[in-house]
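Only this structure's heavy atoms are used, side chains among them; waters, hydrogens and symmetry mates stay out. Position 1 is the first residue of the sequence; numbering continues from there.
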Amino acid sequence: MEKAFFLLLHLSLSFLFVSCFDSPACVSCYDRPIGGLRRQPEVRTTTKPPPPVKPPTQPPVKPPPRSPLMPPTRLPVKPPIYRGPLRLPTRKPIAVQGIVFCKRCNYTGDKALPGHPPLAGVSVVLKCNNTKVTMRQTAKTDKNGLFLLQAPGKITNYGAQKCRVYLASPPSKSPCKTPTDINNGVSGDVLLRPQERARHSLYTVGPFFYEPPKCTKP
């Protein structure tokens, strides 16, 4: 009989507790002590979704400013200064001088001329191609190996660039009979840098060299 009573009491209390827990009007049911302990109210937390991630916004890139193109400044053109009529050099006949040596076999090609004996009786020719027909003028060296050529009357300093001087023939009584091309003695030396004289323009060529035949043998 007592067991049935306690069982009925337990069931009624359980029903009362469950109904008070589920009822929103019975708020004080949480504060009632059950078995000597106070029930703590349940805290319900609501989680909010994270805000949407926005991409970083960058300010628009502006192109670099361009400086305005300025037209090139031109300096004022000064008129040429008139200095009177152009004076051309005076037209003069030409003369050519030079010297011929007998080359020693130990010649090293330097410009030191002492030690080479002058050669007399050498024929030298001046050739000018200023006209359709080549003009020639020959001369021979003296005892000091010097020669002086006077160009034909039609040849002046205006046409000297078309003239050349060559070795023509060696002396008959000398062992130096082989011409060399030192200073263009064989190929022809040109006329450059004249010395202006009162009546003519004097050009200098050479020096030219002949050598004995033994220098050419091995």
Identify whether F147 and L119 are in the same connected component of the hydrophobic contact network (ILVMFWY, side-chain heavy atoms under 4.5 Å). yes

Under 4.5 Å between any side-chain heavy atoms of L191 and V205, yes or no? yes

Residues C163 and G159: closest non-hydrogen pair is SG-O, 3.9 Å

Rounded to the nearest 0.5 angstrom, the NE2-CG distance for H200 and N157 is 11.5 Å

Measure the OH-CG distance between Y166 and L126 for me, rounded to the nearest 0.5 Å. 9.5 Å

Please give me the minimum heavy-atom distance between I94 and Q150, naming the atom from each residue. O-NE2, 3.4 Å

All pairs passing salt bridge (Lys or Arg N to Asp or Glu O under 4.0 Å) where residues 60-72 contributes a residue, at least two apart: none

Heavy-atom donor-acceptor pair, N183 side chain to F209 backbone, under 3.5 Å: no

Between V122 and F208, does the side chain to side chain contact (heavy atoms under 4.5 Å, CB included) criterion hold? Intermediate values first, please. CA-CA 10 Å; V122 177; F208 299 142; over 6 Å; no

Do C102 and Y210 have side chains that approach each other closer than 4.5 Å (heavy atoms only, starting at C-beta)? no

Spatial distance of atom OG1 (T156) from atom CZ (R91) [nearest 0.5 Å]: 4.5 Å

Which distance, rounded to the nearest 0.5 Å, do you find between the CG of L167 and the CD1 of I182? 10.0 Å

Joint hydrophobic cluster, L149 plus V100, side-chain heavy atoms closer than 4.5 Å: yes

Does Q195 have any side-chain contact (heavy atoms from CB on, under 4.5 Å) partners at least two apart in sequence or in another chain, and if so, which? R197, L202, T204

Heavy-atom nearest pair, T178 first then P213, reads OG1-CA, 4.1 Å

By side chain to side chain donor-acceptor pair (under 3.5 Å), N144 pairs with (sequence neighbours left out) none

Please lay out, stage by stage, how C176 and E211 fare under the test side chain to side chain contact (heavy atoms under 4.5 Å, CB included). CA-CA 5 Å; C176 292; E211 66 181 1; 5.7 Å; no

For P171 and A120 the tightest heavy-atom approach is CB-O, 3.2 Å

Rounded distance (nearest 0.5 Å) linking atom CG of N129 with atom CD1 of I155: 9.0 Å

Across all chains, not counting sequence neighbours, the side chain to side chain donor-acceptor pair (under 3.5 Å) partners of S169 are S123

Could you work out, with side chain to side chain donor-acceptor pair (under 3.5 Å) as the rule, every residue matching T141, not counting sequence neighbours? none

Pairs involving residues 172-193, ordered by first then second residue, that meet salt bridge (Lys or Arg N to Asp or Glu O under 4.0 Å) (sequence neighbours left out): none

Enter the distance from R136:CZ to C128:SG here, rounded to the nearest 0.5 Å. 11.0 Å

Grab the two heavy atoms, one from F101 and one from H116, that are nearest each other, plus how far apart they are. CD2-O, 3.1 Å

